[in-house]
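In what follows, a single structure is set out as C-alpha coordinates and then discussed.
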Amino acid sequence: MLIINQYDIPDYMTIYTKLYDLYGPQGWWPLQEIDDVKPDKTGAKKGYHPMIYNLPETRNQRFEIILGTLLTQNTAWTSAEKALKNLKKLDVIAPEKILSLDTETLKTAIKCAGFLNQKANYIKTISEFFINLNGEIPTRKELLSVKGVGNETADSILLYAYKQPFFVVDAYTRRIFTQLKLVNEEDSYLEIKNQFERNLPHDHKLFNEYHALIVEHAKRYYSKKPYAVNDPLIDQNTR
DNA sequence: AACCAGGACGTGA
DNA sequence: TCACGTCATGGT
(Lines give C-alpha, C1' and ligand atoms only; values in the text may rest on other atoms or scores of the structure.)
Protein backbone atom coordinates (compact mmCIF):
# COMPACT_ATOMS: atom_id res chain seq x y z
CA MET A 1 0.00 0.00 0.00
CA LEU A 2 1.46 3.27 -1.10
CA ILE A 3 0.38 6.43 0.58
CA ILE A 4 1.20 9.73 -1.04
CA ASN A 5 2.31 12.31 1.45
CA GLN A 6 4.81 15.11 1.55
CA TYR A 7 7.59 12.72 2.52
CA ASP A 8 7.17 10.75 -0.66
CA ILE A 9 7.79 13.81 -2.79
CA PRO A 10 11.40 13.80 -3.93
CA ASP A 11 13.43 16.96 -3.57
CA TYR A 12 14.86 19.01 -6.40
CA MET A 13 18.36 17.61 -6.11
CA THR A 14 17.14 14.03 -6.13
CA ILE A 15 15.23 14.65 -9.33
CA TYR A 16 18.26 16.28 -10.89
CA THR A 17 20.38 13.27 -10.08
CA LYS A 18 17.82 10.92 -11.59
CA LEU A 19 17.65 12.94 -14.80
CA TYR A 20 21.42 13.15 -15.03
CA ASP A 21 21.70 9.40 -14.55
CA LEU A 22 19.13 8.88 -17.30
CA TYR A 23 20.47 11.25 -19.94
CA GLY A 24 23.93 12.44 -18.96
CA PRO A 25 25.38 15.89 -19.56
CA GLN A 26 23.46 17.79 -22.24
CA GLY A 27 26.10 20.27 -23.30
CA TRP A 28 23.95 23.35 -23.53
CA TRP A 29 23.67 26.01 -24.90
CA PRO A 30 24.27 24.58 -28.38
CA LEU A 31 26.71 26.58 -30.49
CA GLN A 32 27.38 26.22 -34.19
CA GLU A 33 30.80 24.93 -35.20
CA ILE A 34 31.39 23.50 -31.75
CA ASP A 35 28.40 21.21 -32.10
CA ASP A 36 29.35 19.92 -35.52
CA VAL A 37 28.16 16.40 -34.76
CA LYS A 38 24.41 16.34 -34.21
CA PRO A 39 22.76 13.77 -31.98
CA ASP A 40 20.65 11.16 -33.74
CA LYS A 41 16.90 11.23 -33.31
CA THR A 42 16.57 7.74 -31.87
CA GLY A 43 17.11 8.95 -28.34
CA ALA A 44 20.78 8.04 -28.11
CA LYS A 45 21.53 11.68 -27.67
CA LYS A 46 24.54 12.59 -25.61
CA GLY A 47 24.16 16.33 -25.83
CA TYR A 48 25.89 19.02 -27.83
CA HIS A 49 29.21 19.68 -26.12
CA PRO A 50 28.87 17.64 -22.93
CA MET A 51 30.99 18.46 -19.89
CA ILE A 52 32.24 21.73 -21.37
CA TYR A 53 31.19 24.60 -19.14
CA ASN A 54 33.52 27.38 -20.21
CA LEU A 55 31.36 28.36 -23.18
CA PRO A 56 30.64 30.87 -24.52
CA GLU A 57 34.21 32.10 -24.79
CA THR A 58 33.91 34.87 -27.34
CA ARG A 59 31.74 37.92 -27.79
CA ASN A 60 30.10 36.49 -30.88
CA GLN A 61 29.41 33.14 -29.23
CA ARG A 62 27.67 35.02 -26.47
CA PHE A 63 25.70 36.93 -29.04
CA GLU A 64 24.81 33.75 -30.91
CA ILE A 65 23.27 32.34 -27.74
CA ILE A 66 21.21 35.47 -27.29
CA LEU A 67 19.96 35.20 -30.86
CA GLY A 68 19.09 31.58 -30.18
CA THR A 69 17.03 32.44 -27.11
CA LEU A 70 14.91 34.81 -29.16
CA LEU A 71 14.60 32.55 -32.19
CA THR A 72 13.50 29.52 -30.21
CA GLN A 73 10.65 31.29 -28.43
CA ASN A 74 7.61 29.05 -28.82
CA THR A 75 9.48 27.37 -31.64
CA ALA A 76 11.22 24.03 -32.07
CA TRP A 77 14.97 24.28 -31.63
CA THR A 78 15.51 22.60 -34.98
CA SER A 79 13.73 25.53 -36.63
CA ALA A 80 15.64 28.11 -34.62
CA GLU A 81 18.84 26.33 -35.54
CA LYS A 82 18.06 26.56 -39.24
CA ALA A 83 17.53 30.27 -38.86
CA LEU A 84 20.88 30.57 -37.10
CA LYS A 85 22.54 28.65 -39.90
CA ASN A 86 21.07 31.06 -42.42
CA LEU A 87 22.44 33.97 -40.41
CA LYS A 88 25.80 32.25 -40.20
CA LYS A 89 25.80 31.81 -43.95
CA LEU A 90 25.15 35.52 -44.29
CA ASP A 91 28.03 36.06 -41.86
CA VAL A 92 25.96 38.31 -39.61
CA ILE A 93 26.31 36.66 -36.21
CA ALA A 94 27.61 39.86 -34.67
CA PRO A 95 25.49 42.70 -33.33
CA GLU A 96 26.99 45.36 -35.60
CA LYS A 97 26.38 43.18 -38.65
CA ILE A 98 22.78 42.55 -37.64
CA LEU A 99 22.19 46.29 -37.34
CA SER A 100 23.58 46.99 -40.79
CA LEU A 101 21.65 44.08 -42.30
CA ASP A 102 18.63 44.86 -44.45
CA THR A 103 15.49 44.02 -42.49
CA GLU A 104 13.87 42.09 -45.33
CA THR A 105 16.99 39.98 -45.68
CA LEU A 106 16.90 39.32 -41.97
CA LYS A 107 13.25 38.27 -42.14
CA THR A 108 13.93 35.90 -45.00
CA ALA A 109 16.79 34.30 -43.07
CA ILE A 110 14.75 33.70 -39.92
CA LYS A 111 11.43 32.91 -41.58
CA CYS A 112 11.80 29.19 -40.82
CA ALA A 113 11.67 29.95 -37.09
CA GLY A 114 8.28 31.65 -37.34
CA PHE A 115 7.07 35.01 -35.96
CA LEU A 116 9.42 36.59 -38.48
CA ASN A 117 8.16 40.15 -38.10
CA GLN A 118 8.39 40.25 -34.31
CA LYS A 119 11.62 38.31 -34.12
CA ALA A 120 13.36 40.45 -36.74
CA ASN A 121 12.39 43.45 -34.68
CA TYR A 122 13.53 41.84 -31.43
CA ILE A 123 16.85 40.83 -32.95
CA LYS A 124 17.56 44.34 -34.16
CA THR A 125 16.66 45.77 -30.78
CA ILE A 126 18.76 43.41 -28.71
CA SER A 127 21.72 43.90 -31.02
CA GLU A 128 21.80 47.55 -30.07
CA PHE A 129 21.27 46.65 -26.43
CA PHE A 130 24.16 44.19 -26.60
CA ILE A 131 26.52 46.74 -28.12
CA ASN A 132 25.63 49.28 -25.46
CA LEU A 133 26.55 46.80 -22.75
CA ASN A 134 30.20 47.19 -23.72
CA GLY A 135 30.94 43.73 -22.45
CA GLU A 136 29.23 44.22 -19.11
CA ILE A 137 26.81 41.65 -17.73
CA PRO A 138 23.26 42.99 -17.94
CA THR A 139 20.97 42.88 -14.93
CA ARG A 140 17.77 40.88 -15.13
CA LYS A 141 15.80 44.09 -14.96
CA GLU A 142 17.71 45.59 -17.86
CA LEU A 143 17.09 42.49 -19.94
CA LEU A 144 13.38 42.56 -19.17
CA SER A 145 13.21 46.13 -20.44
CA VAL A 146 14.23 44.92 -23.89
CA LYS A 147 11.25 44.24 -26.13
CA GLY A 148 11.04 40.55 -26.81
CA VAL A 149 12.79 39.51 -23.61
CA GLY A 150 10.44 38.06 -21.02
CA ASN A 151 11.13 36.06 -17.88
CA GLU A 152 12.35 32.88 -19.49
CA THR A 153 14.47 34.57 -22.13
CA ALA A 154 16.07 36.85 -19.55
CA ASP A 155 17.01 33.90 -17.37
CA SER A 156 18.20 31.92 -20.38
CA ILE A 157 20.47 34.76 -21.43
CA LEU A 158 21.86 35.21 -17.93
CA LEU A 159 22.40 31.50 -17.42
CA TYR A 160 23.62 30.36 -20.81
CA ALA A 161 25.21 33.45 -22.30
CA TYR A 162 26.66 34.89 -19.06
CA LYS A 163 27.02 31.76 -16.90
CA GLN A 164 25.09 33.36 -14.05
CA PRO A 165 23.07 31.14 -11.67
CA PHE A 166 19.57 32.11 -12.80
CA PHE A 167 17.23 29.14 -13.04
CA VAL A 168 15.26 28.90 -16.28
CA VAL A 169 11.61 27.85 -16.09
CA ASP A 170 9.70 26.90 -19.20
CA ALA A 171 6.42 25.22 -20.10
CA TYR A 172 8.07 21.81 -19.76
CA THR A 173 9.30 22.60 -16.26
CA ARG A 174 5.80 23.55 -15.22
CA ARG A 175 4.35 20.39 -16.74
CA ILE A 176 6.81 17.99 -15.17
CA PHE A 177 6.88 19.54 -11.72
CA THR A 178 3.13 19.87 -11.61
CA GLN A 179 2.95 16.13 -12.14
CA LEU A 180 5.57 15.64 -9.43
CA LYS A 181 3.44 17.86 -7.18
CA LEU A 182 6.32 20.15 -6.38
CA VAL A 183 4.59 23.14 -7.96
CA ASN A 184 0.97 24.11 -8.52
CA GLU A 185 -0.44 24.61 -11.97
CA GLU A 186 -1.33 28.20 -11.16
CA ASP A 187 2.06 29.16 -9.74
CA SER A 188 3.65 32.12 -11.45
CA TYR A 189 6.94 31.99 -13.33
CA LEU A 190 8.79 33.71 -10.52
CA GLU A 191 7.29 31.48 -7.86
CA ILE A 192 8.53 28.38 -9.64
CA LYS A 193 11.91 29.89 -10.42
CA ASN A 194 12.37 30.98 -6.80
CA GLN A 195 11.44 27.54 -5.58
CA PHE A 196 14.20 25.97 -7.64
CA GLU A 197 16.69 28.60 -6.57
CA ARG A 198 15.79 28.20 -2.90
CA ASN A 199 16.25 24.45 -3.04
CA LEU A 200 19.44 24.16 -5.07
CA PRO A 201 23.00 25.42 -4.70
CA HIS A 202 23.51 28.47 -6.92
CA ASP A 203 25.85 26.85 -9.39
CA HIS A 204 25.52 27.84 -13.03
CA LYS A 205 26.71 24.43 -14.18
CA LEU A 206 24.00 22.74 -12.14
CA PHE A 207 21.33 25.15 -13.41
CA ASN A 208 22.62 24.69 -16.94
CA GLU A 209 22.32 20.92 -16.88
CA TYR A 210 19.10 20.87 -14.91
CA HIS A 211 17.10 22.95 -17.35
CA ALA A 212 18.57 21.11 -20.32
CA LEU A 213 17.73 17.77 -18.72
CA ILE A 214 14.18 18.93 -18.07
CA VAL A 215 13.79 19.72 -21.76
CA GLU A 216 15.22 16.37 -22.78
CA HIS A 217 12.96 14.54 -20.34
CA ALA A 218 9.88 16.50 -21.36
CA LYS A 219 10.45 15.81 -25.04
CA ARG A 220 10.19 12.13 -24.22
CA TYR A 221 7.29 12.07 -21.74
CA TYR A 222 5.55 15.46 -21.80
CA SER A 223 5.13 16.52 -25.41
CA LYS A 224 1.92 14.69 -26.21
CA LYS A 225 -1.08 14.06 -24.04
CA PRO A 226 -1.67 12.29 -21.85
CA TYR A 227 1.46 13.50 -20.11
CA ALA A 228 3.72 11.47 -17.84
CA VAL A 229 2.92 8.05 -19.36
CA ASN A 230 5.79 5.75 -18.38
CA ASP A 231 7.64 8.67 -16.85
CA PRO A 232 10.43 6.99 -14.88
CA LEU A 233 10.32 9.84 -12.35
CA ILE A 234 6.79 8.86 -11.38
CA ASP A 235 5.48 5.72 -9.79
CA GLN A 236 3.02 4.67 -12.50
CA ASN A 237 0.72 3.10 -9.90
CA THR A 238 -0.01 6.50 -8.43
CA ARG A 239 -0.64 8.52 -11.60
C1' DA B 1 -6.21 17.83 -39.65
C1' DA B 2 -5.39 19.39 -35.27
C1' DC B 3 -1.74 20.15 -32.25
C1' DC B 4 2.68 21.44 -30.58
C1' DA B 5 7.24 23.83 -30.59
C1' DG B 6 13.11 25.30 -25.20
C1' DG B 7 7.26 32.71 -25.23
C1' DA B 8 6.24 37.57 -25.27
C1' DC B 9 3.31 41.45 -26.02
C1' DG B 10 -0.95 44.26 -26.12
C1' DT B 11 -5.35 44.71 -24.59
C1' DG B 12 -9.28 44.89 -21.51
C1' DA B 13 -11.38 43.57 -17.35
C1' DT C 1 -2.59 41.42 -11.56
C1' DC C 2 -4.52 38.24 -15.11
C1' DA C 3 -6.93 35.90 -18.78
C1' DC C 4 -7.07 36.03 -23.64
C1' DG C 5 -6.01 36.78 -28.55
C1' DT C 6 -2.13 37.36 -31.59
C1' DC C 7 2.12 36.48 -33.75
C1' DA C 8 3.97 32.39 -38.25
C1' DT C 9 6.39 28.49 -39.74
C1' DG C 10 7.38 23.51 -39.74
C1' DG C 11 6.97 18.85 -38.10
C1' DT C 12 3.99 14.93 -36.57
Side-chain angles (χ1 to χ4, degrees), chain A residues 16 19 23 25-32 35 38-43 45 47-49 64-87 103-104 106-126 129 140-161 166-178 184-194 196 207-229:
Chain A
Y16 171 77
L19 291 174
Y23 310 123
Q26 298 299 296
W28 275 35
W29 187 279
L31 281 167
Q32 298 186 74
D35 307 314
K38 304 315 297 177
D40 60 66
K41 56 185 297 184
T42 62
K45 167 175 163 160
Y48 296 92
H49 44 264
E64 179 184 322
I65 292 173
I66 292 173
L67 291 182
T69 64
L70 293 175
L71 287 168
T72 196
Q73 287 176 359
N74 202 41
T75 302
W77 174 250
T78 50
S79 298
E81 196 174 39
K82 285 174 191 166
L84 279 173
K85 267 182 191 160
N86 292 339
L87 294 176
T103 301
E104 289 309 310
L106 176 58
K107 286 183 183 175
T108 304
I110 67 173
K111 185 166 80 76
C112 53
F115 306 104
L116 67 165
N117 295 305
Q118 305 185 34
K119 285 181 180 176
N121 194 14
Y122 295 166
I123 285 172
K124 287 276 190 181
T125 305
I126 209 161
F129 173 81
R140 191 169 193 277
K141 193 171 184 180
E142 286 171 339
L143 282 169
L144 289 174
S145 73
V146 180
K147 190 170 291 184
V149 178
N151 278 311
E152 184 185 340
T153 305
D155 289 328
S156 292
I157 290 173
L158 287 165
L159 178 59
Y160 290 106
F166 286 72
F167 201 90
V168 176
V169 175
D170 66 347
Y172 288 150
T173 310
R174 183 182 298 274
R175 250 176 240 174
I176 294 176
F177 286 80
T178 299
N184 300 107
E185 183 63 46
E186 67 273 14
D187 286 348
S188 71
Y189 180 97
L190 289 180
E191 284 171 334
I192 299 177
K193 165 193 169 64
N194 290 336
F196 275 89
F207 286 11
N208 175 323
E209 291 293 359
Y210 207 155
H211 174 63
L213 287 165
I214 285 171
V215 172
E216 176 59 28
H217 187 66
K219 280 177 175 170
R220 297 168 185 246
Y221 300 101
Y222 291 82
S223 20
K224 52 181 180 293
K225 294 180 180 178
Y227 297 145
V229 176

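Below, chains carry the letters A, B, ... as their sequence lines are ordered, and counting in each starts from 1. All values reported here derive from a predicted model rather than from experimental measurement.
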* Scan nucleotides 7-13 of chain B nucleotide by nucleotide, 5' to 3', and note B when protein non-hydrogen atoms come under 4.0 Å of the base, S if they reach only the sugar-phosphate, - if neither. => BSSS---
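When only modelled atom types and interatomic distance are considered, T75(A) and K119(A) share a side-chain donor-acceptor pair under 3.5 Å. Between the side chains of K147(A) and N121(A), no donor N or O sits under 3.5 Å from an acceptor N or O.
Look at the P atom in both dA8(C) and dA1(B): the space between them is 24 Å, to the nearest Å. Separation of the C1' atoms belonging to dA3(C) and dA5(B) is 22 Å when rounded to the nearest angstrom.
Look at E216(A) and K219(A) and you find no salt bridge, because none of the NZ, NE, NH1 or NH2 atoms lies under 4.0 Å from a carboxylate O.
Taking the six-membered ring for Trp, Y222(A) and Y172(A) have ring centres at least 6.0 Å apart. Here the two rings, on Y122(A) and F115(A), have centers that are 6.0 Å apart or farther.
Among the heavy atoms of the strands lying under 4.0 Å from R175(A) are primed sugar atoms or P, OP1, OP2 only; no base atom is included.
The minimum heavy-atom distance between H217(A) and I176(A), with the atom names listed, is CD2-CD1, 3.8 Å.
Under 4.0 angstrom from either OP1 or OP2 of dG11(C) there lies at least one side-chain N or O belonging to K82(A).
Checked against ring-ring contact (aromatic ring centres under 6.0 Å, His included), F129(A) has no partners two or more places apart in sequence or in another chain.
Remark: DNA chain C forms stems of 3 or more consecutive Watson-Crick or G-U wobble pairs, all pair distances under 3.5 Å, at B:2-5 with C:9-12, B:7-13 with C:1-7.
Here the options are F207(A), W77(A), Y160(A), the test is ring pair (Phe, Tyr, Trp, His ring centres under 6.0 Å), and the partner is W28(A); only Y160(A) passes.
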